[in-house]
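Below, chains carry the letters A, B, ... as their sequence lines are ordered, and counting in each starts from 1.
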Amino acid sequence: MRILGVESSCDETAAAVVEDGRRVLSNVVSSQIAVHRPFGGVVPELASRKHVEAILYVVEAALEEAECSMNDIDAIAVTRGPGLIGSLIVGISAAKAIAYALEKPLIDVNHLEGHIHAAFLDSDLPNAPFVCLVVSGGHTALYYSESLDQPPEFLGGTLDDAAGEAFDKVAKLLGLGYPGGVVIDQLSEQGNPTAIDFPRVYLGKDSLDFSFSGLKTAVVNFVRTHSPLTYRVEDLVASFQEAVVDVLVAKTVLAANMKGVKNVAVVGGVAANRRLRHKFEEKAIDNRWKLYVPPIHLCTDNAVMIAAAGYGVWKRKGFTRDILTLDAVSRWY
Amino acid sequence: MCKINYLSKSADDTVGFAITFAEKLKPGDVVTLWGDMGAGKTTFTRGLAWGLGIPRKCPITSPTFTLVNEYSGRLTLYHIDLYRVQATEDLETLPLREILFGDGVAVVEWPEKLGEVLPENRWDVRIKIVDENSRRIEIEQIGADEP
């Protein structure tokens, strides 16, 4: 089955064609970061109008790259949520219009379930249940899945800020530019991760929830009370990054142990962080896990993962029944 | 004109103070939160949410990426964060007027981004960092239709 995936839940407008949830025929992302950086814009514009301008272009580009036409598409998978309502509506409206006009079936997909699928596109399918850490600018949560076709079970998530948000805000505080996660990842290479002992918040020994707000405040306090001449920014960001990574890794180890699984996936934009990947690779060896991490270009938002997850959702519960009443949901799972 | 001044000693203290302040809120009220990153705007909002009867097991998470989070309690709470908003056209992404002039309580972080949409009737809450844990919280009711 050939599925056209459509994604517009946050800043990225994306479309992709994927066959049977596995074979990637095309992957097009209109990144607003790329569009705005040359003009000095440091934060992508949020306006839904940007999605409206991009959506038909990315769908056409995805079909062209896959060397097929709408006639060759068997179904359309679209992100229903979670995300910004104003942004989600653009992708959903386009998907509905195409589905209705061309009499194609639709599959509505959870964005986070999409992220989870991204981990398995370049590797074998998991042969046993797995635990997955979804970590990005808007989300930080742990899930348990019986299999890739089953809906993920929520185990715990952030009680305040997402990990990626903490990266972005610390980068902004230090005037390091955008996107914050990438800048801090690079600067940290030259920094000492043990230079400053920032707090690790665990919320109790059996908790699978996260809290990063206190860490952000600790960095604010540090910068407020220390002259910039007394520390290196590289050390500061490396120490901050280490505190985030330590908590993410420890909670994932705890979840894997509690669920008794040996398959672990790490997905989402922050999964592109090199220190995080490295620490998880170490833990995988220590704990004899099979570790699944997407390639960098599938960590951030894309439509390949939506098309892939769409195939799984279809196997689980078929097509979306009432296409025209499908609406966006801001929070889901 | 209502003015309140409070010196909070900790994040928990801020939550407790906000729970008490929430008793003053009526349908349609707008609360604007002014303060630097790390001042405790989301912490204050957590207290407001609890004071408005939103279940404590419901995490009041940062709306930085979602722009607006909605919670059901005694009154509906709209938690808006305009941190990522750069241009006024970004505000189109939100049903801002419907929220600000609706029947719920709207809490707005980074209200300086509202520009001319900033409501004339509102509660201004200013949170200033005193030291590592202490915060000076100043609340002022602006343009209220008092008898």
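Shortest non-hydrogen contact noted between B:Val130 and A:Arg224 is O-NH1, 4.1 Å. The two atoms that bring A:Thr158 and B:Pro59 nearest to each other are O-CB, 4.3 Å, heavy atoms only. Looking at every heavy atom in both residues, A:Leu84 comes nearest to B:Thr66 through CG-O, 3.9 Å.
B:Ser62 and A:Glu165 share a side-chain donor-acceptor pair at under 3.5 Å.
Here B:Leu67 contributes atom CG and A:Cys10 contributes atom SG; the two are 8.0 Å apart, rounded to the nearest 0.5 Å. Here OG1 of A:Thr217 is found 7.5 Å from CD1 of B:Ile129. Values are rounded to the nearest 0.5 Å.
With salt bridges taken as basic N to acidic carboxylate O contacts below 4.0 Å, none links A:Asp168 and B:Arg84.
Atom CZ of B:Arg97 sits in a sparse spot, with 12 or fewer heavy atoms from other residues, nucleotides or ligands closer than 6.0 Å. Counting non-hydrogen atoms of other residues, nucleotides and ligands closer than 6.0 Å to OH of A:Tyr57 gives a total of 12 or fewer. Surrounding CG of B:Asn5 are more than 12 heavy atoms belonging to other residues, nucleotides or ligands, all under 6.0 Å away.
For a residue to count as touching a neighbouring chain, one of its non-hydrogen atoms must lie under 4.5 Å from one of that chain's; by this rule A:Lys169 touches chain B with backbone and side chain alike. Contacts of B:Asp81 with chain A are made by side-chain atoms alone, with heavy-atom separations under 4.5 Å and no backbone atom involved.
Contact of the A:Asp160 side chain with the B:Thr61 side chain is not registered, since no non-hydrogen atoms from C-beta on lie closer than 4.5 Å.
In this structure, A:Arg331 fails the cation-pi test against B:Phe65, since its NZ or CZ atom is not both closer than 6.0 Å to the six-membered ring centre and inside 45 degrees of the ring normal.
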